[in-house]
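Here's the structure, in structure tokens; my notes come after.
Read the numbers this way: they start at 1 and go in the same order the structure lists the ligands and their atoms.
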Amino acid sequence: MTEHTPVDGANFIGGEWAPAASGATFVSVNPADPAEVIGTFPDSAAEDVHAAVDALTKGASDWAGTAPERRARVLEAAAAELESHASQLIEEMVREEGKTRAEATMEVGRTPMNLRFYAAEAVRSGGTTYPAASGSLVYTVREPVGCVGAITPWNFPLNIPSRKIGPALAAGNTVLFKPSEVTPLMGQRLVEALLAGGLPVEAIALVQGGGSSGAAVAADERVDAVTFTGSTDVGHAIHRQVGPQRRVQLEMGGKNPTVVLGDADIEMAAATVVKGAFGLSGQACTGTSRLIVVDEIHDALVDAIVERVAKLVVGAGLNGDVSMGPLASAAQLEKYRGYVASGLAEGAVLRTPEPESDHRTGYFARPVVFTEATPDMRIVHEEIFGPVLAVQRARDHAEAIYLANATRFGMSAAIITRDLQRAMEFAHASQTGLVKINQPTTGMAMNAPFGGYKASSTQTFKEQAGPSMMQFYQSEKTIYLTPTS
Ligand code: NAD
């Protein structure tokens with residue numbers, strides 16, 4: 001690893017980089033080596049959030065009034081800026097969030113693509129004309145909503161914010177960005193790229209800090225729309241705070257199943273499940289946390305999975321041979337340990353080595369596979385967001401569908417089978433926003449709609465990718481015109 005100088009981070013408010021008004025700070029550390037400080041950042045309070053909204057309110061009409069082509073150019077230039085710093089960003093992301101180099105490379109590559117996608121939407125998304133009485137015109141225009149508050153998690157610290165800030169700015173809104181306190185440097189880097197790309201300073205504010213600064217964003221009545229990705233409990237708190245008059249988009253947790261039917265290729269199924277469950281160290285909202293497998297291949301599939309899991313190398317993400325980085329924070333490690341203990345206490349059978357045997361100082365967590373998991377166990381019905389796979393048995397296809405849907409969450413689900421009829425039956429019966437056939441539950445296209453069903457999302461504006469995403473950031477006004485002399 002190269003030497004690292006801690007970053008002196010700041011908020012960006014009213015066109016200036018500044019500390020929190022109170023002077024309070026927090027540090028971001030390397031989860032592979034928590035003694036290494038990534039940077040010091042402002043621990044913002046409501047007064048900082050209010051100052052940011054004051055500044056954005058003043059700049060709102062200027063940015064809303066810019067030509068769509070200019071907004072597109074800014075996003076494209078920001079994308080190029082990110083690309084020109086890709087190797088630095090990859091290393092910083094690995095150090096701050098804990099991804100492997102390969103995972104960070106993918107995210108750092110995807111983020112500029114998102115910005116370009118929404119740059120194109122800036123000039124594409126228009127209104128409609130409707131049939132009307134002769135001599136009259138009925139048409140719609142799309143207007144920016146106003147000031148958008150974006151509150152984001154740490155697990156995709158560039159990609160998720162870019163999917164909120166990109167469409168918000170493309171539509172002509174101003175943005176108040178509150179990144180996760182686990183990955184503040186990545187949040188700062190994204191804002192720096194937007195400014196370097198020519199974004200007018202009055203169109204964006206960055207406020208660093210923890211949950212209370214996020215709550216202040218949601219509480220400020222001048223924030224017209226709040227887009228949030230994170231845990232279900234926090235999402236529900238934000239929903240209550242925003243209330244019925246303002247727009248809110250909540251993308252929350254998951255408990256995603258992969259169903260494997262008896263005709264599946266065992267090795268292909270094992271590889272797909274391991275990728276979905278243990279990629280990003282199990283910290284993906286679409287990660288596979290439940291495997292539902294029919295009796296006839298249960299034992300063979302579990303053996304194949306356990307064999308593959310034994311080959312996973314857990315370590316610091318900048319090391320080339322590592323397949324799983326550390327968990328992102330001490331809180332994540334504690335949560336993981338709690339769920340492993342709960343699985344054991346509730347009678348699930350541990351098929352992988354004792355997780356407690358890892359005594360390194362980083363937040364490293366061994367991949368865990370439990371079999372004989374049943375619906376009443378916490379490891380089956382609560383989101384863990386770590387490398388723990390609960391294997392459930394099903395008698396047949398019908399019971400597998402039932403078990404897959406027996407959760408309050410509805411993010412993604414997968415089925416592995418060569419039987420197209422069964423696959424389609426599953427796809428239509430699945431109560432999830434995303435269904436994968438012969439693919440891991442993780443991974444999604446940038447250009448297609450994406451959002452959860454049930455407790456994984458609010459059902460008002462659930463899309464968080466693709467062109468329909470623009471609707472959250474725009475109001476559509478209908479205009480009736482009859483010219484008179
Ligand atoms: P989190 O809910 O703890 O935090 C998310 C963000 O909300 C952070 O910026 C945090 O500071 C802020 N926050 C915390 N308390 C707040 C409050 N009371 N009011 C306003 N803001 C507050 O989530 P996390 O640990 O950062 O991320 C993991 C969670 O995110 C998992 O549940 C995962 O499933 C979910 N997630 C969902 C998706 C999706 O697309 N649905 C994608 C990625 C992650």
Which atom of Val380 lies closest to which atom of Lys255, heavy atoms considered: O-CE, 3.2 Å
Distance filter under 4.0 Å to Gly210 heavy atoms, resulting ligand 1 atoms: 11 (O)
Ile151 and ligand 1 - part of the residue with a heavy-atom distance under 4.0 Å: side chain
Exam field: side chain Lys58 to backbone Gly14, donor-acceptor pair closer than 3.5 Å: no
Shortest protein heavy-atom distance from atom 27 (O) of ligand 1, along with the residue and atom involved: Pro153 CB, 3.4 Å
Side chain, backbone, both or neither: Ala237 near ligand 1, heavy atoms under 4.0 Å: neither
Proximal candidate to atom 42 (C) of ligand 1 [heavy atom criterion; set Ser456, Gly452, Cys285]: Cys285
From Ser44 atom OG to Ile13 atom CD1, the distance as rounded to the nearest 0.5 Å: 6.5 Å
Residue-ligand contact Ser180/ligand 1, heavy atom below 4.0 Å: yes
Distance-only polar pair, side chains of Glu181 and Gln208, donor-acceptor under 3.5 Å: no
Side chain Gln464, main chain Glu251, donor-acceptor under 3.5 Å: no
Plane angle bin for Phe385 and Trp154 - parallel if under 30°, tilted between 30 and 60°, otherwise perpendicular: perpendicular
Heteroatom distance test (Asn155, ligand 1): nitrogen or oxygen, under 3.5 angstrom: no
Nearest-neighbour protein heavy atom for atom 40 (O) of ligand 1, which is reported as residue plus atom name and distance: Gln464 NE2, 2.6 Å
N or O pair under 3.5 Å between Arg163 and ligand 1: no
Geometric class of the Phe461/Phe472 ring pair [parallel <30°, tilted 30-60°, perpendicular >60°]: perpendicular
From Gly211, Ala331, Ser329, Gly214 - option closest to atom 14 (C) of ligand 1 by heavy atom: Gly211
Nearest protein heavy atom with distance in Å, relative to atom 41 (N) of ligand 1: Met252 O, 2.8 Å
Nearest-0.5 Å distance that lies between atom CD in Glu383 and atom CZ in Phe409: 5.5 Å
The one among Ser231, Ala218, Ser457 that brings a heavy atom closest to atom 23 (O) of ligand 1: Ser231
Axial cation check for Phe177 ring with Lys164, 6.0 Å and 45° limits: no
Per-residue contact class, Thr232 against ligand 1 - non-hydrogen pairs under 4.0 Å: neither
Top protein contact for atom 35 (C) of ligand 1, by heavy-atom distance: Gly230 O, 3.2 Å
Within-cutoff protein neighbour (heavy atom, under 4.0 Å) for atom 4 (O) of ligand 1: no
Proximity to ligand 1 by part of Pro179, non-hydrogen separation under 4.0 Å: backbone
Residue and atom name of the nearest protein heavy atom (relative to atom 28 (C) of ligand 1), distance in Å to one decimal: Phe385 CE2, 3.6 Å
Ala215 neighbourhood, listing ligand 1 atoms whose heavy-atom distance to it stays under 4.0 Å: 19 (N), 20 (C), 21 (N)
Option among His85, Glu92, Glu91 that satisfies the side-chain hydrogen bond (donor to acceptor under 3.5 Å, both in side chains) test with Gln88: Glu92
Protein heavy-atom partner closest to atom 10 (C) of ligand 1 - residue, atom, separation in Å: Glu181 OE1, 3.5 Å
Numbering as shown, the atoms of ligand 1 that approach Glu251 to under 4.0 Å (heavy-atom distance): 37 (C), 39 (C), 40 (O), 41 (N)
Contact partition for Ile238 relative to ligand 1, non-hydrogen atoms under 4.0 Å: side chain
Polar side-chain atom of Glu107 near backbone of Ala104 as donor-acceptor pair, under 3.5 Å: no
Whether Gln249 side chain and Glu463 backbone form a donor-acceptor pair below 3.5 Å: yes
Over all atoms of both residues, closest heavy-atom pair of Met446 and Ala465: O-CB, 4.0 Å
Per atom 7 (O) of ligand 1, closest listed option by heavy atom (Phe156, Trp154, Phe228): Phe228
Residue Met411 vicinity, atoms of ligand 1 by number, heavy atom under 4.0 Å: 39 (C), 41 (N)
Heavy atom of the protein closest to atom 32 (O) of ligand 1 (residue, atom name, distance): Glu383 OE1, 2.6 Å
Backbone of Leu280 reached by a side-chain donor or acceptor of Glu103 within 3.5 Å: yes
Nearest candidate to atom 9 (O) of ligand 1, where distance is taken over non-hydrogen atoms, out of Val226, Val234, Thr152, Ile160: Thr152
Donor-acceptor contact present, side-chain Thr100 to main-chain Met324, <3.5 Å: no
